[in-house]
Structures are given as C-alpha cells and as structure tokens.
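Remarks on the structure that follows.
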Number of protein chains: 2
Amino acid sequence: MEATLDNLKSILAASNYKLTAQRKIILQILIDNRGEHLSAEEVYNIVKTEDPGIGLATVYRTLELFCELGIIQQLTFDENCRRYELETGEEHHHHLVCSKCGKVIEFNDEVLEEFESELEKKYSFKVTEHKIKFYGYCEDCQ
Amino acid sequence: MEATLDNLKSILAASNYKLTAQRKIILQILIDNRGEHLSAEEVYNIVKTEDPGIGLATVYRTLELFCELGIIQQLTFDENCRRYELETGEEHHHHLVCSKCGKVIEFNDEVLEEFESELEKKYSFKVTEHKIKFYGYCEDCQ
DNA sequence: TAAATATTGATAGCCATTATCAATATACTA
DNA sequence: TAGTATATTGATAATGGCTATCAATATTTA
C-alpha cells in the first residue's frame, strides 16, 4: 500500500511513532518528486524552502524511518550517496545507470524472479533482498 | 590474464606505473588470501607484519590502482566498507550474502549474461558493468 | 489539562577514504 | 653506471556523508 498524507498517521501509529509537521512535509516532497531518486541533502534543500527551520538530522532520521516503515526504499547508484524512492506497492524494479550522463532507466522483469528461485534451491539460501544494477552508457552517450 | 608477481612489472609499465616493493607485497597478500574479500584495513594489518613501515595511504592507493588495472575488483557487501578480490580472468561471478552470519556464497551463471543482452537491446543501453547481489539467510541461519 | 513519551534542531563526533607535500625510490638515457 | 625526469611513498590533515547526544519542544494518551 502506497503511503499518502492521509494514511501517514496510521502507518506511524502502528509502530508507535507520532505524526509531525516535518514528517508530513518530507513525505509530500517525496510524492511531489516521484521518480527523482532524491538524496537526503536534496530533500533537505527542498524542505528548507517550505520550513527553513528544519534540521538536517531530522531529514536523515525521517528518511531512515520511512525506509523502516516501507514507505520508501534506499538506493545506492553511487557509493557515498544514498538516494531514496517512493515504494509504490507495484512490482519491484531495477536500474540501468549511465556512467556518463547519470541518467537512470528503470526496468522490471520476472526473469529475475525466476532466477532467484533457482538460486534459492541450488544453494539452500533464503533470499530476502536483492540489489541489481547495470552500469554502462545510455542511447545518447554511446 | 591473472596478475602474478612475475607479470606485475609489465602490467604496471604498460600504464606508466613503476614496480615498488609495496606493490609487490600487497599483490602477494591478495594472492595468498584469494577468496577472502579483504578490506583495505585488513590488507593493511597483514602487510604491516611484513613491512611495518608501510603507510595506510599506500594501501588505499595501491588497491585503487590495482582496480584500475583490472588486477582486482571492488566489492561492497556492506556499504561503508569496500572489499576487494582478485580478478581471476575466469567467468564473472556474483554473491549471496547472509544477513545473519555474513557468509558470502559465490555463484556464476550465464542466464544473467543472456538477460543482460536482452536489456541492451530493449533499452539501447550498452552495459559495461553490473552489480548483482542477493541478501538473505544461508542454510545454517534460516 | 497533565503526564508520559516521542521528536526536534544544533552540533559534536565518527570513520572510511582522499588530498597534500616534502622526501625518496624507480627507471630511462646517455 | 651516473644523472635526471618522473612516479611513489609515509605522515598527516582534511573531507564528507552520516550518526549520536541532549536539552528543549511537540504529540498523544488518559
């Protein structure tokens, strides 16, 4: 289920967290920038235009909390910079990252799901998460 | 082609780098610990037993250089800790990482290669690198 | 409305990695 | 083989994204 400003309070309450103005603003920004893969710093810069008093630590904490609650998902295209995207509740998808212009193309594929099942059998390994990224050059940069 | 103490000099020379005692020791350690996925800090601790005077920066620089030359490959199972493994010249492989005990199981599969080719066609994207990791629980930790 | 609890902002701290730079080592050249 | 240009080293300061701390404040519950 995708998070909205309306159900945020109940999502938080279900885990004994409280609804605050800061959390609402940050969720709103993530929704407004759906598909943007924002970093904490970028969220901070946007949020400051609406609430200049907000602290950087609050942004980091809120993003971490939203991850824990499954509202967003953490991505790391480049190390030393974590990015976040809204969890849509739809199929999981993966990314093609252009090494030149930085463009990110999303794809999803059930082939990977099948592959995962095979691995689980072969290695008696229970997969709970996967990180799959392809790096290279997009159409414009080749 | 896999790097050895014998061909290290020519690999370096081909890119205008020089052979040094430090580079030899570090390569030797990587060879001795094949399959260990060492971090820079770990390499540093081992190297100090053979050459106490070596600097940490040299270890970092050498590992970076070896990556650039294709002698080793960088891995990131856990963010904020980069690990390295020898490039064997054989098939590429990927990793299953146990979230509980940290065990790393290696696998390789041509299914992924095929999948990559399909992606390239579909998105007009030239893949140069992929990072594929599955996280979960190994046989002992389930 | 009060009390219990969670959250916030400011800021100091962390820690793996990088940059700086003078001293030194390597490798080419004559 | 000595001289020279160039690359490398070790020590250490700096970087930078992120986290911990804590008193002040806000939210929720009773």
Side-chain angles (χ1 to χ4, degrees), chain A residues 5 7-29 37-69 71-72 74-84, chain B residues 5 7-27 29 37-69 71-84:
Chain A
L5 289 184
N7 65 14
L8 180 58
K9 181 163 185 170
S10 51
I11 293 174
L12 290 166
S15 300
N16 277 329
Y17 295 120
K18 294 174 178 175
L19 181 65
T20 67
Q22 292 88 338
R23 287 172 181 171
K24 280 199 283 190
I25 293 176
I26 291 173
L27 178 58
Q28 183 61 59
I29 286 168
H37 306 131
L38 298 176
S39 66
E41 202 70 31
E42 287 167 351
V43 170
Y44 179 59
N45 287 328
I46 298 172
V47 90
K48 269 197 304 187
T49 66
E50 299 188 30
D51 175 1
I54 203 165
L56 178 60
T58 298
V59 173
Y60 275 98
R61 278 184 300 229
T62 302
L63 292 173
E64 186 191 7
L65 176 65
F66 284 2
C67 271
E68 178 196 327
L69 295 174
I71 294 173
I72 60 178
Q74 192 186 99
L75 309 170
T76 37
F77 301 133
D78 172 28
E79 293 176 43
N80 28 323
C81 184
R82 299 182 195 163
R83 298 187 165 275
Y84 299 88
Chain B
L5 288 184
N7 66 14
L8 180 58
K9 180 163 183 170
S10 53
I11 293 173
L12 290 166
S15 300
N16 277 328
Y17 295 118
K18 295 174 178 174
L19 181 64
T20 66
Q22 293 87 339
R23 287 172 182 171
K24 280 199 284 191
I25 293 177
I26 290 173
L27 178 59
I29 285 168
H37 307 130
L38 298 176
S39 66
E41 201 72 31
E42 287 167 352
V43 171
Y44 178 59
N45 287 328
I46 298 172
V47 90
K48 269 196 304 187
T49 67
E50 299 188 30
D51 175 1
I54 204 166
L56 179 58
T58 298
V59 174
Y60 274 98
R61 276 183 302 228
T62 303
L63 291 172
E64 186 191 6
L65 176 66
F66 283 1
C67 270
E68 178 196 326
L69 296 173
I71 295 174
I72 59 177
Q73 199 183 352
Q74 190 186 100
L75 309 169
T76 36
F77 301 132
D78 173 27
E79 293 176 44
N80 27 320
C81 184
R82 300 181 194 164
R83 298 187 165 276
Y84 300 88

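With sequence neighbours excluded, no residue forms a salt bridge (Lys or Arg N to Asp or Glu O under 4.0 Å) with A/Arg23. Every residue two or more places apart in sequence or in another chain that forms a side chain to side chain contact (heavy atoms under 4.5 Å, CB included) with B/Ser10 is listed here: B/Asn7.
Boundaries of the chain B contact region on DNA chain D are D/dT6 to D/dT12, first to last in 5' to 3' order (nucleotide atom under 4.0 Å from a heavy atom).
Comparing B/Arg82 and B/Gln22 by the nucleotide of DNA chain C that holds the closest heavy atom to each, the one mapping nearer the 5' end is B/Arg82.
Within the structure, no pair that satisfies the salt bridge (charged side-chain N to carboxylate O under 4.0 Å, His left out) test touches residues 57-68 of chain B, not counting sequence neighbours. For residues 9-20 of chain A, no residue pair satisfies the salt bridge (charged side-chain N to carboxylate O under 4.0 Å, His left out) rule, not counting sequence neighbours.
Within residues 39-57 of chain A, the residues that have a heavy atom under 4.0 Å from DNA chain C are, in order of number, A/Gly53, A/Ile54, A/Gly55, A/Ala57.
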Listed pairs, N/O of protein and of nucleotides 3-5 of chain C, under 3.5 Å:
residue: C/dT5; atom: O2; partner: A/Lys18; partner atom: NZ; Å: 2.5

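An OP1 or OP2 oxygen of C/dA6 is reached within less than 4.0 angstrom by no side-chain nitrogen or oxygen of A/Tyr17.
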Please tabulate, for side-chain N and O atoms in residues 71-81 of chain B, each donor-acceptor pair with protein atoms closer than 3.5 Å (sequence neighbours left out).
residue: B/Glu79; atom: OE1; partner: A/Arg82; partner atom: NE; Å: 3.2

Ignoring hydrogens and angles, write down the donor-acceptor pairs under 3.5 Å from the side chains of residues 44-56 of chain A, residues two or more places apart or on other chains.
residue: A/Asn45; atom: ND2; partner: A/Glu41; partner atom: O; Å: 3.3
residue: A/Thr49; atom: OG1; partner: A/Ile46; partner atom: O; Å: 2.6
residue: A/Asp51; atom: OD1; partner: A/Gly53; partner atom: N; Å: 3.1

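At its two ends the helix from C/dT1-D/dA30 to C/dA30-D/dT1 runs along axes set 30° apart, each axis drawn from five pairs and the angle rounded to 10°.
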